[in-house]
Amino acid sequence: MEIVLAFTVGALVAGSVYLLLSRNLLRLLFGVILLSNAVNLSIFLVGGLTFGAPPLIAEGRSVLEAPYANPLPQALILTAIVIGFGLLAFSLVLVYRGHQEIGTLDGDALRLAEPPETPAAGGGATAIPTQDRSAA
Amino acid sequence: MNWLVAAPILIPMATAALTGLAWRSVPLQRALTLAGMTALLLAAIALLLQVQHGRILVMQMGGWAAPFGITLVADMLTAIMVLVSALMALAVAVYSLGDIDPVRARTGFHPVFCALMVGVGGAFVTGDLFNMYVWFEVMLIGSFVLLALGGRKEQLDGAIKYACLNLVATAALLLAVALLYGVTGTLNMAELALRVRMVPNQGIVTTIAVLFIVAFGMKAAVFPLFFWLPAAYHTPAVAVQAIFAGLLTKVGVYALLRTFTLIFTGDTGWTHGGILMWIAGLTMLAGVLGSLAVRDLRRAWSWQVVAHIGYMIMGLALYTPLAVAGVVFYLVHDIVVKTNLFLGAGVVRRLGGSADYAGLGGLFKAAPLLAVLLFVPMASLAGFPPLSGFWSKLVLVQAGLEQQSWAIVAVALVTGLLTMALVGRVWAEVVWKPHPDGDIAGTAALPAGQRLALVAPLVLLSGITVAIGLYAQPVMDLSSRAAADLLSPEPYIRAILGEPPPPPVLVGELP
Amino acid sequence: MMNSLILQTATRLLLGLMILFSVFILWRGHNQPGGGFIGGLIVAVAFALHALAYGVRAMRKLLVLDPRTILAAGLALSILAGFVAALGPGGLFANPYLEGRWFVTYTPAGEKSFAIGTPVLFDIGVYLVVIGGILAMVQGLMEED
Amino acid sequence: MTDLLQILAGLLVLGGACFCFVAALGIVRLPDPIMRMHASSKAGTVGCGLILLSVALHFPEGGVMARALAAIAFLLISTPVAAHMIGRAAYACGVELCAGTIADELKDTKDNPRRLLLGQAGPGVERTGGP
Amino acid sequence: MLTAVVAIFLLAALAPSLHRLLPNGSHWVLALGPAAITVWFASQIPAVSGGAVLTQAMHWVPALGVELAFRLDGLSLLFALLVTGIGSLIVVYSGSYLHGHEHQGRFYLFILAFMGSMLGLVLADDMIGLFVFWELTSVTSFLLIGFNHEDARSRRSAVQALLVTATGGLALLAGLVLLGLEGGSFRLSAVQASEVDLRGSALYLPILGLLLLGAFTKSAQVPFHFWLPNAMDAPTPVSAYLHSATMVKAGVYLVARLQPTLGGTEVWIWTLAGFGAVTAVWGGLMALRSTDLKKVLAYTTLMALGVLTLLAGLGSEDAIRAYCVFLLGHSLYKGALFMGAGGVDHGTGTRDVRDLGGLWPKMRLTGLVILLAALSMAGLPPFFGFVGKELIYEGVLEADPAGLWILAGVVLANATMLGAAGLVFVKPFLGRPTPATAHAHENGPALLLGPAVLALLGLGFGLMGSWPAGLLQATAAAVAGRPLALELHLWHGLTPALGLSALTIALGALLYVGLGPVTAALAGLARLSRVDFDAGWDRLLAGLDALARAITRRQQTGALTWYMLATIAVLTLLPGVTLLARGGLQWPDQPVGDDYVGWALCGLMLLGTAGALWARTRLGAITALSIVGMSIALFFLAFSAPDVGITQLMVETLTVIIIVLVLARLPKFGPLERTGAGLRLLKAGLALLAGAVTTAILLSVHAQPLSPHLSEFYAAASYVEAFGHNVVNVIIVDFRGFDTLGEIAVVAMAGLGVLALLKARGAPAAEDQKRETAP
Amino acid sequence: MSLFVTNLLLALAWVAVNGDFSLGGFVAGFILAHLILFLARPLYPGQRYFHTLWGALGFLLWFLKEVWVSSVRVAKGVLGIGPKPTPAVVAIPLDARTDLEITLLACCITLTPGTLSLDVSPDRRTLYIHSMFTEDVEALRRETKETMERRILEFLR
Amino acid sequence: MIPFLQICIEIALGVLLLALVLASVRILRGPSLPDRIIAVDLFGTLCVAAIALLALYTDQPVFIDAAIALALVAFFGTVAYARFVERRTVEETNADD
Ligand code: NA
Ligand code: NA
């Protein structure tokens with residue numbers, strides 16, 4: 001199963017990267033969601049997959065009896081999920097407030113903080129092709 | 001059992017909780033923060049005294065022996081970093097008395113500032129890689145909030161870019177930690193040091209190491225992963241800029257320094273001499289050119305943050321005792337100077353009404369004392385002797401020349417020269433040039449309390465810079481010992497795992 | 001707020017149940033899936049539901065405490081839970097931070113029948129922080145209207 | 001007795017799964033959103049409920065049974081409320097009812113959710129609270 | 001010696017306060033310090049002349065082997081005397097010159113600090129110590145040159161001087177470190193005395209190049225000379241000091257200091273001789289072209305520096321003798337001339353030769369001083385300048401490799417000195433009176449003392465060659481690295497040198513008489529060759545700026561997409577390449593697995609991902625992501641992670657709720673998503689690559705055996721030691737409870753942050769505005 | 001409802017006496033206690049406990065039957081067997097007054113015969129429902145009021 | 001566990017996974033906002049069912065708690081979606097004015 005999951009995670013990463021490269025900040029954040037999901041799955045994967053044997057010590061027993069799933073990655077994922085949620089929630093609200101104040105969701109149009117030395121149009125100096133600028 | 005090891009986390013965290021409880025009262029929050037940061041400083045001093053004779057303090061959290069629980073550990077390097085960051089925290093806390101407006105204070109500046117210090121301290125003292133990830137995240141969310149606190153347009157603009165890029169970095173770091181666990185089965189850094197050598201496939205270890213370079217490198221703002229820094233660092237409140245510039249990227253450097261002396265030492269030709277070396281050179285050049293390209297004091301300093309990260313990476317890349325000592329020294333110097341520069345820029349902006357060179361000037365006439373206080377960190381930044389920056393550069397240059405790494409030394413020197421160009425220009429434009437609006441008021445025009453809060457940190461930090469410059473021996477000595485400890489980590493490992501480490505099993509030679 | 005009679009009535013019915021369930025989840029977290037985080041989330045969701053049905057102001061009134069206070073108190077509690085270990089045995093600060101201190105009862109047969117300790121206290125802190133944190137977000141977002 | 005219970009549980013599980021499938025098929029096949037909601041709210045609830053019931057039968061512990069029944073109860077309360085909320089919202093946002101709809105007694109009344117929503121949400125007008 | 005250096009710095013630190021206490025007499029008090037030190041150094045002359053060397057050393061940074069080591073030999077002593085002696089005269093002079101200037105106290109601070117740095121520089125034996133003082137002179141001279149800081153030209157000149165000398169400084173640093181490493185010690189004297197054959201070392205050329213770059217920039221050798229005339233924007237006392245005894249002499253000092261260690265090779269001789277000769281001629285010619293008195297003098301300094309470099313390069317016995325004598329002579333007359341010129345400026349308000357004339361009746365004393373010094377500069381007997389010039393000719397003639405070209409150059413350069421001497425005295429004092437000189441008045445004693453003392457010394461040393469001979473002999477010995485006899489006579493007999501002197505005088509007179517045509521020719525020449533170094537400097541800086549901007553604009557574009565693209569590319573390529581290059585790729589040795597629940601859930605994840613990618617609407621994307629999230633939760637549950645599964649479900653839902661709560665106010669997906677096909681392809685390519693690298697790394701990691709020691713411990717200890725049946729929960733609140741502490745800190749901060757973002761809108765901005773406008 | 005509490009207490013006492021803390025034990029105790037109280041009902045005049053409890057039980061059984069029937073009907077509709085759907089939105093005038101009554105009614109309507117509560121009018125006098133298989137609007141209105149609403153009000157009042 | 005129940009559960013799991021796919025199809029296809037929301041709501045309910053099935057399949061009753069928790073938050077999610085639809089309706093209409 002790990003092999004299947006490895007390919008799935010790869011696909012999730014590919015999808016998330018494509019979203020991360022969007023100009024729309026919301027889509028970018030969707031990419032972040034996908035990415036953190038993929039990473040959590042990676043933690044799960046490297047710890048080894050075990051079907052249907054949760055690491056719970058049965059009532060009346062004092063040790064966990066094999067087979068059991070590796071509990072450590074689970075604990076790590078739990079922490080990672082919660083942390084990821086905190087960061088993401090804040091970022092979402094940040095983007096929302098950004099839209100409220102600046103009036104755009106276009107990551108490439110955020111030019112208040114930098115760089116004012118650059119001519120506004122970018123003058124073709126940027127590495128991103130400019131043909132899509134007019135659409136904004 | 002020494003609770004001092006946990007102090008860098010527990011003291012600011014308790015302070016954060018208390019200031020959070022006191023969120024209705026700004027004066028109370030301020031008092032609590034000052035008290036907390038003072039306590040942190042005292043604890044840091046005590047910690048340094050404890051480790052100064054080569055002792056390594058270890059605390060197994062919850063009493064669970066390594067590698068099963070989380071280990072906190074303080075060696076010389078940790079103690080130095082904790083002390084310097086505690087000093088900065090106190091300085092910035094004092095500065096914030098005169099800088100943070102009531103609105104920011106009421107909406108959580110103090111607890112979040114303390115939480116940021118929790119993250120910084122945690123990253124320094126932890127001996128567990130996943131735990132380090134956690135503290136990095138604490139630092140990250142703290143920086144997100146502090147960056148956006150106040151909600152001005154350009155702040156939000158910068159914060160959005162900062163957040164988006166750092167979220168990716170964070171994911172990369174977590175992935176790297178997970179992968180390392182996947183090949184070694186442990187998260188304890190001391191045990192990792194032993195176990196990475198036993199992985200049958202050393203190629204995958206190197207790959208993970210490179211992933212760590214990228215992940216930590218992003219935190220450290222190295223080329224070409226620094227975009228978030230110049231995009232955001234100049235936007236928040238001055239106190240926030242200062243603590244960011246002083247500490248955040250350096251934590252990334254610390255993490256690189258720790259992991260790439262303790263854990264990833266199996267393929268130094270590829271990781272250190274190869275990737276890190278290139279990164280170092282390009283970071284220096286990109287940073288310093290960036291600082292010359294802008295016409296705004298805070299942005300110039302932001303770019304300088306990047307440039308000087310390059311020096312530290314260079315030291316790590318050279319990977320000799322002298323070079324690593326140089327990195328430690330550089331860390332100490334750079335943290336103090338960068339904090340000072342941003343604080344100074346804040347006062348300059350307050351007096352001159354702008355951060356743009358064009359809108360500044362007249363300081364030499366209006367505020368000579370301030371000019372002196374600016375001169376010290378600027379000259380130190382440029383590496384003029386006998387200030388702290390000179391020694392750090394000297395050590396790295398010497399280490400590079402010893403290794404006959406001509407190219408990186410040349411880049412370092414050119415970067416130093418361009419930094420001097422920047423400093424000369426800033427001095428001429430900001431300090432010497434008459435202010436475009438005619439004469440401006442000096443610091444005397446500020447209310448007395450505010451003046452004290454704003455200037456006292458500058459005096460303290462400039463004093464440190466001068467002191468280190470004139471008498472570099474103590475810091476250099478500590479740095480050398482820290483470097484020696486880093487390069488022979490057996491005592492560190494033994495202190496944590498409690499038993500003589502088994503002889504490393506080397507699995508074949510690399511192709 | 002949603003201004004729906006049906007939702008409001010259902011919320012009134014569910015709120016108490018959800019809080020009860022969350023305490024249950026929190027309490028048995030040490031032995032079964034659950035714990036402070038999930039429990040806290042359920043409470044937060046319950047109050048958020050209330051906010052959706054009746055508006056944020058009503059929710060804040062019901063909550064009595066400001067989310068920030070809850071959150072800070074939770075953080076303080078979790079930190080304190082770790083400090084209990086400092087009291088001993090073996091003298092002040094002789095044991096490491098976060099070391100568990102347990103109150104355990106045994107059955108006549110010598111088996112543990114009931115155990116409560118500082119990790120549980122710690123988990124309660126987590127519970128409070130999650131409630132406070134999420135409700136702070138919800139409050140902020142819904143006050144936007 | 002145990003075997004009998006298990007056979008019953010098995011049948012419940014099968015039935016539940018079938019209802020779940022029907023619900024899913026319903027939201028794919030039925031022509032308009034409100035119709036689809038019929039499928040999801042009824043078949044979904046029944047399907048899920050049956051499976052939970054089977055769990056209640058299968059595990060002998062009282063706690064499990066109580067929780068399974070509680071879950072069913074919660075489902076029975078929450079699903080219709082959710083359906084009401086979505087239905088009202090759907091109506092308010094103006095989805096088209098399917099062509100075969102024979103009557104719409106809500107559309108032209110003052111109670112039309114869309115009208116209420118838009119009328120009350122105008123600037124400066126405070127929406128009146130519930131009872 | 002350390003005491004002397006520290007004392008001067010202390011004096012510098014006290015100077016502003018002292019000046020505030022004694023606004024009218026501070027210069028006399030302050031001058032006492034350097035004067036006393038001069039006396040102390042003078043008292044060492046007999047011992048040093050006798051071959052003694054005073055040393056003093058103390059640890060500074062032992063961890064680096066850096067010491068504060070001082071060494072007083074003939075060379076150091078000569079320089080120390082010049083630095084402190086002329087320094088004290090300058091302090092007195094500037095007290096009067098800058099009287100009433102609002103920053104006079106600061107001026108004392110800078111000039112004394114400069115003096116201290118220069119003194120340290122010439123005394124230092126430790127290379128790092130030498131470098132420290134070297135850089136200090138750069139910094140303090142920067143502050144001095146920019147002293148008239150409200151004048152844009154001053155600021156430009158200061159920065160220019162700083163950068164040019166700093167360039168050399170950094171080269172010097174590298175050179176010194178290499179020299180130290182190669183020579184086995186960081187003590188100059190130790191390296192000089194050591195057995196190591198530096199001249200044969202593979203690093204000889206780099207070391208030499210770096211060190212000479214340092215020396216040449218400091219002593220303004222062509223083509224690094226352009227900063228020196230611009231440095232004339234400094235107040236006159238500074239110029240006088242900079243040119244006579246300090247700063248520019250540092251380079252010349254360094255060359256002499258290194259002569260015994262590195263000198264004598266072909267490269268050394270030809271490099272120094274070549275640069276020196278060119279600089280000498282260039283300086284002389286440019287002096288004739290100038291009309292500003294100070295500029296004239298500045299260019300003559302260039303000439304002198306060129307000659308000194310040339311002499312140090314030749315390294316023959318006579319050349320070394322000439323070096324020592326000319327060094328002293330030049331310092332005396334140049335100090336006097338600058339101060340005199342300052343006096344003229346002070347008395348008339350102008351320094352332009354064209355506006356000056358007929359000053360003699362009004363400023364006799366000043367005129368006399370300038371005359372004496374100018375005669376010495378012109379190299380006429382019986383002045384010390386003449387002695388120096390004779391020795392120069394002898395040195396050049398004697399030196400074996402010195403070619404005719406160099407000889408010609410030196411003669412020409414000396415001739416221009418004569419012309420320049422005429423320029424500074426004849427025209428201003430004897431020429432026709434001008435409107436500018438109508439109200440000229442004589443200067444007070446403080447302004448006359450310094451130049452007079454120096455000018456008289458120039459005459460006295462010329463007449464009484466035995467006075468300085470002992471000291472100069474010790475100097476020569478230090479430069480040569482071995483004992484060297486030196487006697488000074490006005491009359492050397494009928495030597496070729498005398499002939500050359502006569503030729504020089506004739507040529508010089510010709511130059512002065514024909515000044516008009518010569519200047520025109522020179523101007524034409526300069527235009528023709530377009531060698532305008534000063535403008536070149538501006539172009540260099542502008543080019544640097546443009547380069548910086550271009551590079552910065554290309555990387556820091558401001559476009560988030562680009563940042564993300566670059567970041568992810570690095571994140572993908574570096575590990576990817578490493579995986580391949582270091583042979584890390586490995587396929588796990590296990591069956592793919594036939595667990596259909598897992599397969600199906602993976603399939604659902606993929607379905608959801610595809611949906612999120614192709615979604616046209618925001619809600620479409622969000623709901624598609626919900627599919628992914630819930631499938632992952634089910635996956636966790638199926639593969640034995642109930643806590644994770646529940647948490648994932650709840651967090652997933654909560655995330656969606658938060659998105660939905662903010663979504664209503666955000667715009668729909670719009671034209672932003674329509675990008676060019678090429679760009680889309682690039683993004684898709686990178687995405688696929690990232691996915692492939694991830695999969696490859698995960699598979700390779702999974703192929704490694706996983707040590708179970710941690711989970712085994714948790715399985716055994718969870719209940720027995722930590723009283724919990726749920727192992728995962730026990731890890732979270734106990735074994736790794738510290739992680740959770742950090743985790744809840746994150747949640748808490750996120751909550752606070754969201755509230756802060758949403759609650760405090762606009763208010764701080766207004767607050768900041770208020771504060772900025774009314775400080 | 002004090003009888004209900006008494007019933008509960010008796011059940012708990014039974015559990016305690018038996019030392020059997022399981023759900024089964026509790027249910028057994030509850031039924032036993034209920035029987036006892038039922039036999040002793042003349043002691044508690046004016047109590048509607050038995051009426052309510054049995055009414056609720058009866059309603060629940062009826063309701064579950066309706067849910068089943070409606071689900072099967074919807075299932076047929078989904079699968080395309082049985083009659084073609086004839087949807088309609090119908091207004092039902094309400095006799096139910098309290099929040100609980102209205103809510104319960106709306107929920108039950110949603111869960112039963114091809115009907116779905118869409119909204120309650122702001123004046124709380126009309127419930128709008130969507131019906132999937134509508135033969136006659138008036139018949140639907142009448143049927144809903146007389147079966148569903150009557151039964152709910154019966155056991156709630 | 002008797003084989004019959006085992007087989008029933010496995011078949012049911014398969015059917016349920018198919019149902020999840022169908023629900024996904026509606027989520028992805030939309031077309032209207034309420035369509036997606038209904039489908040997500042159903043997806044949540046199906047997940048609850050799947051979790052209950054997993055409890056049977058793995059013989060771990062603890063999964064029931066997951067089911068309850070999911071039912072709770074899924075309900076809240078649906079209400080939030082409904083609110084979103086109403087808000088958006090208001091916003092868009094206002095924007096058109
Ligand atoms: Na738990
Ligand atoms: Na593995």
Side-chain angles (χ1 to χ4, degrees), chain E residues 596-601 603-608 610-612 614-631 633-634 636-668 725-726, chain G residues 10 13-14 16-18 20-21 23-37 39-40 43-44 46-48 50-51 53-55 57-58 60 62-92 95:
Chain E
Y596 72 93
V597 176
W599 278 90
L601 290 174
L604 272 177
M605 291 176 214
L606 297 184
L607 195 64
W614 273 281
R616 295 268 181 81
T617 64
R618 300 164 300 164
L619 212 80
I622 295 167
T623 46
L625 282 177
S626 289
I627 300 176
V628 181
M630 294 214 199
S631 313
L634 288 181
F636 284 137
L637 289 168
F639 288 91
S640 320
D643 285 277
V644 181
I646 300 174
T647 309
Q648 166 83 16
L649 281 173
M650 307 214 46
V651 164
E652 185 58 41
T653 316
L654 213 57
T655 309
V656 166
I657 289 164
I658 288 179
I659 297 177
V660 166
L661 285 179
V662 301
L663 210 57
R665 297 289 175 78
L666 296 180
K668 292 179 170 179
H725 283 95
N726 182 354
Chain G
E10 288 193 13
L13 260 178
L16 212 55
L17 288 170
L18 221 58
L20 283 171
V21 173
S24 306
V25 168
R26 178 52 73 200
I27 292 178
L28 298 183
R29 271 185 32 195
S32 73
L33 223 62
D35 281 316
R36 293 185 203 275
I37 296 171
V40 168
F43 198 95
L46 294 178
C47 282
V48 173
I51 294 167
L53 266 183
L54 277 174
Y57 191 61
T58 61
Q60 286 283 357
V62 296
F63 283 114
I64 293 304
D65 299 319
I68 298 179
L70 173 59
L72 286 175
V73 293
F75 170 57
F76 180 62
T78 307
V79 176
Y81 273 125
R83 184 186 122 109
F84 166 71
V85 175
E86 293 191 354
R87 293 228 136 271
R88 209 205 55 171
T89 307
V90 174
E91 293 281 322
E92 281 180 357

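Naming convention: chains lettered A, B, ... in sequence-line order (proteins, then strands); numbering from 1 in each chain.
Heavy atoms closer than 4.5 Å to chain E are found in both the backbone and the side chain of G:F76. For E:T653, the part lying under 4.5 angstrom from a heavy atom of chain G is the side chain only. Neither the backbone nor the side chain of G:L18 has a heavy atom closer than 4.5 Å to any heavy atom of chain E. Neither the backbone nor the side chain of G:Q60 comes within contact range of chain E; no heavy atom of the residue lies under 4.5 Å from a heavy atom of that chain. Both the backbone and the side chain of E:V660 come within less than 4.5 Å of a heavy atom of chain G. Both the backbone and the side chain of G:Y81 come within less than 4.5 Å of a heavy atom in chain E. For a residue to count as touching a neighbouring chain, one of its non-hydrogen atoms must lie under 4.5 Å from one of that chain's; by this rule E:L604 touches chain G with the side chain only. Proximity to chain E involves both the backbone and the side chain of G:L20, based on heavy atoms less than 4.5 angstrom apart. Contacts between E:T647 and chain G at a heavy-atom distance below 4.5 Å are absent for every atom of the residue. Both the backbone and the side chain of E:A638 come within contact range of chain G, each with at least one heavy atom under 4.5 Å from a heavy atom of that chain.
Residue G:I27 comes nearest to E:A624 through the heavy atom pair CG2-N, 4.0 Å, listed as atom of the first residue, atom of the second, then distance. Contact detail for G:L13 and E:V597: the closest heavy-atom pair is CD1-CG2, 4.0 Å. Considering every non-hydrogen atom in both E:Y596 and G:E10, the closest pair reads OH-O, 3.1 Å. In this structure, E:L649 and G:A66 approach most closely via the heavy-atom pair CD1-O, 4.5 Å. Of all heavy-atom pairs between E:T617 and G:R36, the closest is OG1-NH2, 3.8 Å.
For chain E, the option among G:L28, G:T58, G:V85, G:L33 with the highest count of heavy-atom pairs below 4.5 Å is G:L28. Chain E forms the most heavy-atom pairs under 4.5 Å with one residue out of G:A69, G:G77, G:S24, G:A80, and that residue is G:S24. Put simply, of G:L70, G:L72, G:V40, the one with the most heavy-atom pairs under 4.5 Å next to chain E is G:L70.
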Start with the C-alpha gap between E:T623 and G:I37, add the side-chain angles, then the distance that decides, and say whether side-chain contact (heavy atoms from CB on, under 4.5 Å) holds.
CA-CA 8 Å; E:T623 46; G:I37 296 171; 5.6 Å; no
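At least one side-chain heavy atom of G:F84 sits less than 4.5 Å from a side-chain heavy atom of E:L619.
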